[in-house]
Amino acid sequence: MTDTADRTVFRTCPLCEATCGLQIEIVDDAVTRIRGDMADVFSHGFICPKGSTLKQLHEDPDRLRAPLVRRGFDDAGAPVFEEVGWDEAYRVVDEQLRAVRETHGNAAVGMYLGNPGAHVLGAATHTRHLMKALGGGAVFSASTVDQMPRHVTSGYLYGSGGSMPVPDIDRTDLFVCLGANPYASNGSICTAPDFPGRIEAVQERGGRVVVIDPRRSRTAEQADLHLAITPGTDAVLLAAIARLLLEGGHRGTGHVADLIDGLESIEAALAPFTVEMAAPATGIDESAIVALADEIAAAERAAVYGRIGTCAVEFGTLTTWLLDVIAILSGNLDSPGGTMFPEAAHTRVRGEKPGRPFRVGRWTSRVNGRPEVQGEFPVADLPDEILEPGEGQLRMIFTVAGNPVLSCPDGARMDEAFAALDAMVAVDIYLNETTRHASVILPPPGSLEKSHYDMAFTGLSVRNVANFSPTVFENDAPTEEDILASLALIALGFGPEADPNDLHDQVVAGLLQAEIETPESPVAGRDLDELVSMVDGDTGSERVLDAMLRTGVRGDGFGSVPDGLSLAKLRENPHGIDFGALEPRLPALLRTPGGRIDLFAGPFAEELSRLAERVAEWGADDRLLLVGRRHLKSNNSWMHNLPILVKGKPRCTLQLHPDDAADRGLTDGAAARISSRVGAVVAPVEVTDSVRPGVVSLPHGWGHDLPGIRMRVAAEHAGVNSNVLTDPAIIDPLSGNAVLNGIPVEVAPA
Ligand SMILES: Nc1nc2c(c(=O)[nH]1)N[C@H]1C(S)=C(S)[C@@H](COP(=O)(O)OP(=O)(O)OC[C@H]3O[C@@H](n4cnc5c(=O)[nH]c(N)nc54)[C@H](O)[C@@H]3O)O[C@H]1N2
Ligand SMILES: Nc1nc2c(c(=O)[nH]1)N[C@H]1C(S)=C(S)[C@@H](COP(=O)(O)OP(=O)(O)OC[C@H]3O[C@@H](n4cnc5c(=O)[nH]c(N)nc54)[C@H](O)[C@@H]3O)O[C@H]1N2
Ligand code: SF4
Ligand SMILES: [Mo]
């Protein structure tokens, strides 16, 4: 603490998946300084330029602090909002929900859940209760513009969509990174604060880093080898590598090899994917493909990792499956330095237990007949579900921490759809491109006004760690979970005045009762009232967290496990607790019916055939292929209102290779019209050889020029919405994930 600070607090940054520890100094109830917490057990002082902006976010005059209710539209058609008290806001929600349900039924009320929901404790503990209370309507989330292929692959292979292997970056000798740029994103489905430092450490200890990306990203610049792949073709590359591994006699090693079924079919399924076929399809030389396969086979420990560029593509699930197949064949799954399964402290204690077969399509979507996946429909279909008339048409949507108008496919039609709703409730901190369509906006407290524990990312982390961040600035407004609980109680018919604490109490009791009834649980057979009376926490979600931690794999079992974990113990350790490097978890983790890993539990053989057929079509289209990119100072669509993050050169530019620019008569800075099957935008050109010829790149999350938003800084740095170009008709059929990369576009002078 500098001598002038009144107090210094430590907390985990909630903005991205890296979970960096922050040291925050406060004078007179204002943040004076934020820097990396040198004592944080995981991040050791690392911080990116966004970490310190929790101060600016907290102080942002545009951040909503009171509910807004729409009272009509002005002459220009922009919504007119009135600031109201919470009682009035809940009363309006109750009235509107009743009206929609009475006229159109429960199925007319849907939900969209956005990304920050995974970064907010109250949303992690309570969103599902709102979902259950709304009961019936279609659910959509940012998962189908992101990682749904990972869930589906894990569901088929390991019996649970939540069992996701992460690269053991700190112990690997070979890090192969496909379609991810951790120097900008700081990592995803791999929580590793200071990811760049961890990559450089691989090289410092004599290991190698290979990046496969159509762009020479910052991560690619750092790599020992960069292979500029044709967008959307990673599945072909990986299939060829898997085929080469099989040819070389690699069929897995150790405890995992003994668990694998389906090896006898895989050779035939991969037969079409010869190196000769893969090279022209991927744009990578035959010799480079063979060398990469050899390198993976020869490495003592190799971690082959893929992210957005491998998920948000037409063969996203197949690509993700192939990543795991390669890990299995090369003996790197569940093995130190390979890809491993983290174990969050709040994980339930259940022992080895076979499960039911993973299934999708238990119900299908109304308009396009798409299968449900993990209880959701593809968000690419959301506009159809709102705009197409008929029984079950969506008339009301609840959004929690989402901005689909900018973040999801066919942005223009998404916007049109939200405008067509009878009612919409947004739990959100800004009046933005999506929430401007809300009839009621309910703002949760800001990041420094709520406590924090990473429910999602402790389960995706390269070390097993836990940390808790108490609220920095107390206030009387409802917490995120209070809002979700109040909405759930309204949806259940208890009315707008119901006490959210009643729901919190029920959630805690329900969770503990399930533990009491589970023989393996550390609290099996205990008395419910006794346990409930012992639960600690100042808020609803803190109480749920304490109950989960104490009954979790490292828990104190409410007194039965000496030195075990609890919320109180996390409070005593403000820099976090490190439980060490990841440990092998197979077969105990498996929830497949036979307790084994069946490579063909899902329709992967059929999908390989479909891929082989599609490869023949590629190349016939000579349009440019659009991919995205992230910048360290952005966070999807919602942090462009902070001056410190948007100052400098405009970043929403179309990157175009010099050859492609010359062909089209485009020069640096010129305005280009980019058009796809579904839409067109105009953006300034940035001529650069960092993109492969034939590939153009435009970042997402921009387009803040829509009328009626209350984000004054963002509006001055509007940029264009790249998702106006995203075609909702093409999705990854196995997961419903949108295709955000490799979109065919025409580019011409504007
Ligand atoms: N600064 C910042 N950090 C973020 C975010 C942010 O918006 N800004 N968003 C967060 C979120 S929600 C997520 S999910 C993560 C995402 O984390 P990452 O996946 O690391 O995100 P990107 O930086 O978009 O990297 C994707 C890379 O894939 C490449 N690519 C595109 N198409 C293909 C392809 O077909 N094949 C291959 N091999 N590569 C391809 C792109 O050129 C790009 O470099 O980042 C998180 N962190
Ligand atoms: N073309 C293209 N499109 C993409 C991607 C891409 O790579 N390319 N990436 C995709 C990915 S990986 C993702 S995850 C999605 C993200 O999709 P979304 O989650 O729908 O979009 P965000 O831009 O993250 O918007 C987050 C919203 O949450 C609000 N918010 C912020 N903090 C809080 C909070 O504490 N509580 C609440 N209740 N609300 C809060 C913000 O105001 C904003 O409205 O975008 C996807 N879109
Ligand atoms: S890397 Fe992510 S978690 Fe770390 S300071 Fe930056 S935004 Fe926060
Ligand atoms: Mo994401």
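Remember, predicted model here, so these are calculated numbers, not experimental data. Remember, it's 1-based here, ligands and their atoms both numbered in the order they're listed.
The protein atom (non-hydrogen) at minimum distance from atom 4 (Fe) of ligand 3 is Cys20 SG, 2.3 Å. Considering only non-hydrogen protein atoms, atom 8 (Fe) of ligand 3 sits nearest to Cys13 SG, 2.3 Å.
No close placement of the His452 and Phe468 rings is indicated, their centers lying 6.0 Å or farther apart. A distance of 6.0 Å or more separates the ring centres of His704 and His717.
Residue contact check: Asn186 has heavy atoms under 4.0 Å from atoms 1 (S) of ligand 3.
His640 and Trp702 have parallel rings, their planes meeting at less than 30° on a 0 to 90° scale where 60° marks the start of perpendicular.
Checked for salt-bridge contact, Arg413 and Asp384 meet the test: a charged N lies under 4.0 Å from a carboxylate O.
Residue Cys16: no N/O/S atom is found under 2.8 Å from atom 4 (Fe) of ligand 3. At a threshold of 2.8 Å, atom 6 (Fe) of ligand 3 has a backbone or side-chain N, O or S atom of Cys48 nearer than that distance.
Among Ile308, Val400, Asp428, the residue whose heavy atom sits closest to atom 29 (C) of ligand 2 is Asp428. Ranked by closest heavy atom to atom 35 (O) of ligand 2, the top entry among Lys450, His119, Met639, Arg630 is Lys450.
One finds the CG atom of Leu645 at 8.0 Å from the CG atom of Leu57 (value rounded to the nearest 0.5 Å).
Using a 4.0 Å cut-off between heavy atoms, Thr12 makes no contact with ligand 3 at all.
For the pair Arg150 and Pro165, the minimum side-chain heavy-atom distance is below 4.5 Å.
Looking at ligand 2, you'll find an N or O of Ser407 within less than 3.5 Å of one of its N or O atoms.
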